Asks: 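Questions regarding the structure given below will be posed in turn.
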Amino acid sequence: DQGEVSATPQLFDVEYLAPVQIGTPPQTLNLNFDTGSSDLWVFSSETPQQSRGGQKIFEIEKSSSAQRLANNTWAISYGDGSRSSGNVYLDVVSVGGVNVFNQAVESATSVSSSFISDAASSGLLGLAFDKLNTVKPSKQKTFITNALESLELGVFTANLKKSEPGNYNFGFIDETEFTGPLNYVDVDSSDGFWAFQATGYSVEGASGNGTGSPVVPIAHNAIADTGTTLLLLPAGINQAYYRQVKGAKEDPQAGGWTVPCKADLPDLTLHIGSYKAVIPGELILFAPIDTDDIKTAKTCFGGMQSSAGMPFAIYGDVFFKAQFTVFDVENGKLAFAPK
Ligand SMILES: Cc1cc(CN)n(C)n1
């Protein structure tokens with residue numbers, strides 16, 4: 001079996017939503033596919049009215065195949081401080097035609113404010129390792145773990161794009177979505193994340209004059225996390241990069257590094273083993289912060305920010321817009337390629 005779903009960016013690419021069918025008859029909800037967590041949770045008929053902000057909900061009572069997983073609950077909190085919790089059901093879940101029966105569908109009875117105000121997202125679909133699932137007392141498996149035996153190839157891939165729909169594929173690698181060979185790297189899943197070692201970085205001249213800085217070996221542990229918007233890297237990499245951008249500044253009031261929206265940003269190359277992952281400078285120009293109109297805005301938030309204080313760097317959507325990524329569940333590997 002294999003399947004493909006579109007991944008549609010929300011405003012300023014803050015998140016990417018993909019359609020998921022749940023229950024009988026199928027109810028389609030748009031969920032945030034998150035390789036940094038392992039719970040599939042949804043706004044549902046159990047979510048209090050006061051906690052809804054227009055999201056499409058999973059109507060449990062309308063699914064003839066939903067079964068309550070008695071005496072089990074879930075509660076999750078994310079790196080951005082958001083959190084949710086609730087009850088657990090088992091039901092059929094399909095993604096791009098890949099069906100999983102008896103998938104744990106976690107129904108939210110409580111959600112924090114950033115979820116309430118995000119009308120487009122009906123919840124998350126976790127794609128990290130089962131160890132991180134929060135259901136108690138019986139930990140549940142992710143959609144990809146449950147789907148694995150039915151997949152042609154034990155992989156899923158991420159192909160996100162700037163300001164236009166990309167896609168997630170399950171069970172196959174579409175060679176037309178990337179160029180050149182795939183560069184495989186080892187994964188350490190012992191903490192439940194898609195964690196890997198990056199070895200350094202270099203900053204190319206903005207004018208592409210090939211006078212890239214030498215590789216600076218700021219090695220760092222990183223996770224591949226499609227649920228995080230930005231590229232969060234060691235402070236030293238941020239300093240070395242933004243010091244090359246006229247008008248860039250680290251502004252605590254803005255919450256991090258800002259750049260003039262008209263800046264010509266240099267490319268950032270992240271060295272992963274022998275692989276050089278190039279992040280084009282334009283992807284490091286992120287949302288305007290002084291107005292909502294990027295054409296007149298003067299100051300923009302940087303697409304790369306510091307991971308200081310975090311246990312690892314976080315390669316989020318900015319990275320996946322530049323690099324086609326294979327999450328090889330079967331072999332516990334990641335693979336990257338330019339596109
Ligand atoms: C809701 C959500 C998901 C993630 C990434 N795992 N964050 C940072 N916030």
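Order of appearance sets the numbers: ligands from 1, and atoms from 1 within every ligand. None of these values were measured; they are calculated from a predicted model.
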Asks: As an exercise, identify every atom of ligand 1 less than 4.0 angstrom from a heavy atom of S82.
Replies: 1 (C)
Asks: To check your reading of the model: name the closest protein heavy atom to atom 4 (C) of ligand 1, its residue, and the distance in Å.
Replies: G227 O, 3.4 Å
Asks: Decide whether an N or O pair under 3.5 Å exists between Y78 and ligand 1.
Replies: no
Asks: If we only count heavy atoms from C-beta on, is the L124 to I76 side-chain gap below 4.5 Å?
Replies: no
Asks: Look at atom 8 (C) of ligand 1 and say which protein heavy atom is nearest, naming residue and atom and giving the distance to 0.1 Å.
Replies: T228 OG1, 3.7 Å
Asks: Which ligand 1 atoms, with their elements, are less than 4.0 angstrom from a heavy-atom of F115?
Replies: 1 (C)
Asks: Of all the non-hydrogen atoms in the protein, which one sits nearest to atom 9 (N) of ligand 1, and at what distance?
Replies: D80 OD2, 3.0 Å
Asks: Between the main-chain N or O of E59 and the side-chain N or O of Q27, is there a donor-acceptor pair closer than 3.5 Å?
Replies: yes
Asks: Distance check, rounded to the nearest 0.5 Å: L334 atom CG versus D328 atom CG?
Replies: 8.5 Å
Asks: Nearest protein heavy-atom contact for atom 5 (C) of ligand 1: which residue, which atom, what distance?
Replies: D225 OD2, 3.2 Å
Asks: Is it true that F336 and Y315 have ring centroids separated by less than 6.0 Å?
Replies: no
Asks: Mind checking ring-ring contact (aromatic ring centres under 6.0 Å, His included) for W41 and listing every partner two or more places apart, or none if nothing turns up?
Replies: F43, W74, F115
Asks: Is the backbone of E46 close enough, under 3.5 Å, to the side chain of S44 for a donor and an acceptor to pair up by distance?
Replies: yes
